[in-house]
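Being a predicted model, the structure only gives us computed values, none of them experimental. The first residue in the sequence is number 1, and the count goes up from there. Side chains included, hydrogens not; waters and symmetry mates left out as well; all remaining heavy atoms used.
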Amino acid sequence: MAGRFAPRPVLPRSPQGGAGAPAPARDGHVVVPVGAPRRAPHPERVRTWVPDGPLDLGLVLGPLRRGPGDPTFRALPDGSVWRASLTPAGPGTLRVTQRAGEVRGQAWGPGADWLLDRLPELLGAADDPSAFVPRHRLLALTRHRRPGLRLARTGLVLESLIPSILEQKVTTGEAYRAWRLLVRKYGEPAPGPAPERMSVMPAPRTWALIPSWEWHRAGVDDKRASTVLRAVRVAARLEEAAGMPPAEARARWELVPGIGPWTSAETAQRTHGAPDAVTVGDLHLPGIVGWALAGDRYADDSVMLELLEPYAGQRHRAARLILLSGKVPERRAPRMPYGDIGRL
């Protein structure tokens, strides 16, 4: 049927006459035909930075990882942390290491300079841990044991907003799987010598062109997929909010139907390093905070906010310290069942 199949491309013929056959070798080297594109390697950019206090790379950058298989994030046994990001200047890969109190950043790709320019902010240079005054023994001990905790600031909205949307109303495992499948299939390989299978998240237009059945195969229902599509259509306006105060940025994001206080808080915590962006509407956090500060495992959002009121301006940092303390109530119910709508 006419138009049913795309025409088969005509392969260039080598001097040997075979279609698609390799060009003859000369002195052990394969001759590249004139006009064949060569992929230029991405030059490495390097920057060093000395923080003004203790810094724990795992604590600072850990919230940016969306599961152990996140294609955009990798922590290696040598202590290095790799990130692949889609910056305003283009895709870029960043490798961060720390030795003797000095941080070294290496970057590749069109977005390398952008990533290195913002390396200090990414590692919490704009954060002020001294503004937090513990009023509970648990938080005082946890802060003493975790002096390297700082709040990262990426300055990139969609890379935090989209996975936060995918995490709405589902288990973290389901959300991590969806993010992993979609980024690996529609993203592009991370520039430079990145670890194997690292990818840069898709551009807004690519997100908008993902077919409905691919969302379904990734386990993303129509409601969350539609929210992502609405967000990427106004991606430029959403990214502008990275330069706004957190409250104004959240108000702008929440104008998009499907983005509420939970999603905007999770995004602001990463894009702005917002110390007061406490997550409201979470299934587990109120009970954890209630148990840690008042022994109330059944606390709801209103009780959580009341308990965190002494930390106004630093409520997100207080919640982070509570989670790091390890004091959580014992589980009394089975885990939420894992659902894969892609099998339906």
Side-chain angles (χ1 to χ4, degrees), residues 37 39-42 45 64-67 69-74 82-94 107-118 122 153-168 175-192 194-220 222 224-243 249 252-253 255-259 263-264 266-268 270-272:
R39 188 172 183 177
H42 296 286
R45 302 283 191 270
L64 305 181
R65 185 180 74 165
R66 304 292 182 157
D70 186 350
T72 69
F73 189 103
R74 196 72 52 85
W82 294 75
R83 293 190 69 236
S85 298
L86 183 62
T87 75
T93 302
L94 176 67
W108 298 265
D113 291 334
W114 192 96
L115 290 171
L116 292 180
D117 288 344
R118 289 155 181 81
L122 175 68
R153 180 172 183 170
T154 66
L156 298 171
V157 175
L158 287 186
E159 76 169 22
S160 294
L161 179 63
I162 292 177
S164 295
I165 294 173
L166 297 179
E167 292 173 8
Q168 295 175 353
Y176 291 161
R177 174 181 178 271
W179 173 252
R180 181 175 67 251
L181 293 178
L182 293 171
V183 171
R184 283 183 177 169
K185 184 163 187 175
Y186 293 100
E188 60 178 283
E196 186 179 3
R197 302 194 73 185
M198 280 199 72
S199 303
V200 178
M201 65 168 277
R205 177 169 174 79
T206 305
W207 285 107
L209 295 177
I210 295 178
S212 59
W213 56 87
E214 292 294 349
W215 291 103
H216 185 81
R217 288 175 180 171
V220 183
D222 290 342
R224 288 179 292 151
S226 298
T227 302
V228 173
L229 296 179
R230 285 190 291 266
V232 297
R233 291 190 186 108
V234 291
R237 295 287 289 167
L238 299 184
E239 291 288 354
E240 287 176 0
R252 174 174 290 193
W253 300 333
L255 292 175
V256 178
I259 297 178
T263 306
S264 68
E266 290 286 314
T267 304
R270 296 166 173 84
T271 61
H272 290 73

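- The shortest distance between side-chain heavy atoms of T72 and L64 does not fall below 4.5 Å.
- Between the side chain of R74 and the main chain of E196, a donor-acceptor pair closer than 3.5 Å is present.
- Within the 3.5 Å criterion, the main-chain N or O of A218 finds a donor-acceptor partner in the side chain of R177.
- Side chains of L86 and L156 form no contact here, defined as non-hydrogen atoms less than 4.5 Å apart.
- Taken from OG1 in T87 to CG in D117, the straight-line distance is 10.0 Å, to the nearest 0.5 Å.
- The distance from atom OG1 of T206 to atom CG of L182, rounded to the nearest 0.5 Å, is 12.0 Å.
- Here the side chains of R83 and T154 are in contact, with some heavy-atom distance below 4.5 Å.
- Put simply, the side chain of E239 gets close to the backbone of L158: a donor and an acceptor are under 3.5 Å apart.
- Considering every non-hydrogen atom in both V200 and P189, the closest pair reads CG2-O, 4.4 Å.
- Looking at D70 and Y176, their side chains never come closer than 4.5 Å, going by heavy atoms from C-beta outward.
- Summarising the geometry, atom CH2 belonging to W215 is positioned 5.5 Å from atom CG belonging to L229; distances are rounded to the nearest 0.5 Å.
- With respect to E167 and R66, a salt bridge is recorded, a charged nitrogen being found less than 4.0 Å from a carboxylate O.
- In plain terms, the two heavy atoms of V183 and M201 that are nearest each other are CG1-CA, 4.1 Å.
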